[in-house]
Every structure is written in structure tokens, then in C-alpha cells.
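Reading through the C-alpha cells given below for one structure.
For reference, positions follow the sequence shown, starting with 1.
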Amino acid sequence: MIEVRKPGFYKRTYNDSEKTQLRTVFVFNGHEYDLPVTDPVFIDFYKRDQLLTARAKSIFLVLSLGILHEGFHYKLAAGIIYE
């Protein structure tokens, strides 16, 4: 779990389908990250109020490695905690 300042959130649509994915962009230790968000509760809240993180005092991301996919383990934001 890491605390991040001013993460961005956006929806990505893939060309081969109509599927959209919520992603977060943030800087941590001088490195920029762009990770998919897989927290279903946060995704539901974000769909209803896209400004909820702008009003948050603190935002924490629970990062995880996904299962093996096409020979790689990808990082993802498995949980988002904000207050």
C-alpha cells in the first residue's frame, strides 16, 4: 500500500472490443505509473462521482501483481482507499 498525491483516473477503450477499463496514473518515487483499477467498490463509486478523489484528503493505492498473462505479470491497483 502506498500513499499517492493527485492520481489521475481515466477510462480506456480497447479497439478490438467495446470494453472499457478504469485506469489510474500517478507518480511514486519519481516514476510514473499507469495501472488498471480492479477495485469493484471504487469503480462503482467513481462511475457515480468522478470528482470524489479530487475532494479526498488522502489517497492510498493497494498494488498487486496480476496472474500470469501472455508470459507477464502485470501490476494493478487492486484497492483504492481515500478519505
Side-chain angles (χ1 to χ4, degrees):
M1 180 168 32
I2 60 172
E3 183 175 12
V4 295
R5 302 207 182 274
K6 299 182 183 177
F9 294 91
Y10 72 97
K11 290 183 183 179
R12 179 177 175 184
T13 303
Y14 292 90
N15 295 335
D16 58 345
S17 73
E18 295 180 18
K19 178 185 174 190
T20 62
Q21 179 185 64
L22 183 62
R23 299 183 67 87
T24 183
V25 179
F26 60 94
V27 175
F28 185 75
N29 277 349
H31 298 281
E32 185 173 313
Y33 294 89
D34 182 342
L35 305 178
V37 175
T38 60
D39 179 340
V41 174
F42 178 81
I43 291 170
D44 186 48
F45 284 136
Y46 186 80
K47 284 179 185 176
R48 290 188 247 153
D49 181 6
Q50 296 183 3
L51 297 177
L52 65 93
T53 56
R55 295 187 301 270
K57 294 177 188 174
S58 302
I59 300 174
F60 296 88
L61 302 179
V62 179
L63 305 181
S64 181
L65 289 176
I67 60 172
L68 185 65
H69 177 71
E70 296 180 2
F72 296 96
H73 290 278
Y74 293 92
K75 295 182 228 44
L76 49 95
I80 299 180
I81 302 165
Y82 58 94
E83 62 174 333

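Pairs passing the salt bridge (charged side-chain N to carboxylate O under 4.0 Å, His left out) check and including a residue from residues 27-36, sequence neighbours excluded, read R23-D34. Sequence neighbours left out, the pairs with a member in residues 49-61 that pass salt bridge (charged side-chain N to carboxylate O under 4.0 Å, His left out) are D49-R55. Counting only residues at least two apart or on different chains, no salt bridge (charged side-chain N to carboxylate O under 4.0 Å, His left out) pair has a member in residues 69-83.
Atoms NZ and NZ, on K19 and K11 in that order, are 13.5 Å from each other to the nearest 0.5 Å.
Here V62 is tied into one hydrophobic group with M1, F60, I81, each link being a pair of ILVMFWY side chains closer than 4.5 Å. When hydrophobic residues (I, L, V, M, F, W, Y) are linked wherever their side-chain heavy atoms come within less than 4.5 Å, V27 remains an isolated member. Counting side-chain heavy-atom gaps under 4.5 Å among Ile, Leu, Val, Met, Phe, Trp and Tyr, the cluster of Y82 also holds I2, V4, F9, L22, F26, F28, Y33, L35, V37, V41, F42, I43, F45, Y46, L52, I59, L61, L63, I80.
Legend: residues meeting side-chain contact (heavy atoms from CB on, under 4.5 Å) with S64, ordered by chain and number and at least two apart, are L76, A78. Under the side chain to side chain donor-acceptor pair (under 3.5 Å) criterion, R5 pairs with no residue, sequence neighbours left out. I67 is linked by a side-chain contact (heavy atoms from CB on, under 4.5 Å) to nothing, counting only residues two or more places apart in sequence or in another chain.
More than 12 heavy atoms of other shown residues, nucleotides or ligands fall within 6.0 angstrom of atom OH in Y14.
Residues A77 and T24 come closest through the heavy atom pair CB-CG2, 4.1 Å.
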